[in-house]
There are 2 protein chains.
Amino acid sequence: MGLRKKVSLAVVKRLPRYYRYLSDLLKVDITRISSKELSMRMGITASQIRQDLNCFGGFGQQGYGYNVEYLYKEIGSILGLNNNYQAVIIGAGNMGQALANYENFEKRGFKIAGIFDVDPELIGTRIKGIEVTHMDKLEEFMQKTKIDIGILCVPYEQTPAVAERLARLGIKGLWNFSPMDLKLPYDVIIENVHLSDSLMVLGYKLNEYKEMKKNKKEQKT
Amino acid sequence: MGLRKKVSLAVVKRLPRYYRYLSDLLKVDITRISSKELSMRMGITASQIRQDLNCFGGFGQQGYGYNVEYLYKEIGSILGLNNNYQAVIIGAGNMGQALANYENFEKRGFKIAGIFDVDPELIGTRIKGIEVTHMDKLEEFMQKTKIDIGILCVPYEQTPAVAERLARLGIKGLWNFSPMDLKLPYDVIIENVHLSDSLMVLGYKLNEYKEMKKNKKEQKT
DNA sequence: TAGATTGTTAATCGATTAACAATC
DNA sequence: TAGATTGTTAATCGATTAACAATC
């Protein structure tokens, strides 16, 4: 895999969606698909699908379309799902527990290798077979285990300090669940899950829809 | 509030971020801010901030900038945070519990009015004071309580059926945590939280970064 | 071979940035 | 008033869509 032009984030964000749809096709034993057919299922243009895929290579065949299994595997590889990324969850509260129990991640090649917290009530308990360990042991743990990803589920106030601590320990990526933008003086890749942002966008759309309806009514009178 | 041109989703998705930054400014008693200053804090252009805000109205003042509290409240109102939206959580597993316990939502004007599940172990238990009720009682509950939003935290297979059931009961919006795109023959606004998509994007970025570094090394030799 | 469908170039559309007159 | 900064128009940039030659 040589130098390849930087792919835009818009394209990258669509890849997991392709991956899901291809997975669904495999489940119902569809072995080939054209960009046209896929575009109809996904509600996007065939052109966009072909453009997106061609950022990474020519996975299709003229006159035939795409082999579903092949394309599925290729996208999986592009998404780094074969890398066996190891993760630690920091914060074993509700969200940390929910994530630890989420089957999908392991299925996608992300392994939870450790769970940390400071609450004495939680230390020593097991979540999905993994013992919750005290944060004091974090450095020790990360020295002897190769960890790629830190999953941040700690309270808002603690988040910046914990993020920095993980960065100093050489973490490569952070999956951040706190409603803030992390700024770190390290080469760390940050992916945010801003749940309340998402909820507010829903709030906006509900509002917009309500007004649209009201305006329609007013037009009639 | 009259007819206003449809605002692009790109702009809408930035609103919660503005809202967060303004909230932070308020916390440290900053009462006014220019688009320039805000742009530096947020890492975007001042031009974009002004363009974004002017989709909704002229909230600033020439020579002065923006009044933080006023702008904060305006954006809150645009996001529908004054609407006192009522929500039900469907699925009281880890994710449902995590969301029920998440303080931020109530603070943003979203109220959890009910939690439903089918697991006899869970029925009758209380989460943040709200009793987990059996799904059989959902129709009854929604007839006597005005509910705007359904929060879907049920297993993958159940999701489409539950979504349809809520839609039939007149739900206005769905906040979907299953890794699938809901298609409903109703006027329901859907906002997805695709956690595994987000994780895969992180996987992609880690991959990309690794290759970038490798290429740099190869260039040197 | 003829038909189908890709990969890719060109055209269009939309979003971001720059510039500046309006105005506090 | 002079200085600052907005609101808004114009220019640029990037992403999406359309078109079609290449080719299976």
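Only this structure's heavy atoms are used, side chains among them; waters, hydrogens and symmetry mates stay out. Keep in mind that this is a model prediction, so the values were computed, not measured.
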task = Could you point out which residue of A/L184, A/I151, A/I189 forms a side-chain contact (heavy atoms from CB on, under 4.5 Å) with A/L174?
result = A/L184

message = Please tell me if A/R14 has a side-chain N or O lying less than 4.0 Å from either OP1 or OP2 of D/dT16.
response = yes

query = Can we say A/K205 and B/E191 salt-bridge, meaning some charged N sits less than 4.0 Å from an Asp/Glu carboxylate O?
reply = yes

request  = Identify, between B/A46 and A/Y64, the residue whose nearest nucleotide on DNA chain D lies closer to the 5' end.
outcome  = B/A46

task = Could you check how far CG of A/D52 sits from P of C/dG7, rounded to whole Å?
result = 12 Å

task = Rounded off to whole Å, could you give me the CD-to-C1' distance for the B/Q61 and C/dT23 pair?
result = 9 Å

request  = Rounded to the nearest angstrom, tell me the gap between atom CG in A/L38 and atom C1' in C/dT5.
outcome  = 14 Å

Interatomic distance where CD belongs to B/Q48 and P belongs to D/dG14 [whole Å] = 14 Å

remark   = To the nearest angstrom, the CG-P distance between B/L9 and C/dA15 comes to 10 Å

inquiry  = Side chain of A/Q51 only, heavy atoms from C-beta on: which candidate in C/dC24, C/dT5, C/dT9 is closest?
reply    = C/dT9

Which atom of B/P179 lies closest to which atom of A/R20, heavy atoms considered = O-CD, 3.1 Å

Nearest listed nucleotide, side chain of A/Q62, among C/dT8, C/dT16, D/dT23 = D/dT23

ask   = How many Å lie between CZ on A/F59 and P on C/dT8, as a whole number?
value = 12 Å

message = Without decimals, in angstroms, what is the distance between A/M42 CE and D/dT16 P?
response = 13 Å

request  = Check every atom of D/dT5, C/dT6, C/dT8 against the side chain of A/S35 and return the nucleotide holding the closest atom.
outcome  = C/dT6

inquiry  = At less than 4.0 Å, is any side-chain N or O atom of B/Y66 found next to OP1 or OP2 of D/dG7? Yes or no.
reply    = yes

Side-chain donor-acceptor pair present, A/Y19, B/D197, cut-off under 3.5 Å = no

inquiry  = Counting the atoms with a prime plus P, OP1 and OP2 as sugar-phosphate, which does B/S47 contact under 4.0 Å by heavy atoms, base, sugar-phosphate, or nothing?
reply    = base

note = From CZ of B/R32 across to P of D/dA4 the rounded distance in Å is 11 Å

task = Have a look at B/T45 and say if it touches a base, only the backbone sugar-phosphate, or nothing, with a 4.0 Å heavy-atom cut-off.
result = sugar-phosphate

query = With both distances under 3.5 angstrom, what nucleotide forms a Watson-Crick or G-U wobble pair with C/dG7?
reply = D/dC20

remark   = C/dG14 -> Watson-Crick or G-U wobble partner, both distances under 3.5 Å, gives D/dC13

message = Taking the six-membered ring of A/Y64 as reference, does the cationic atom of A/R32 (NZ for Lys, CZ for Arg) lie under 6.0 Å from its centre and within 45° of its axis?
response = yes

request  = Take A/G63 and A/R50, find for each the nucleotide of DNA chain D with the closest heavy atom, and name the residue whose nucleotide sits nearer the 5' end.
outcome  = A/R50

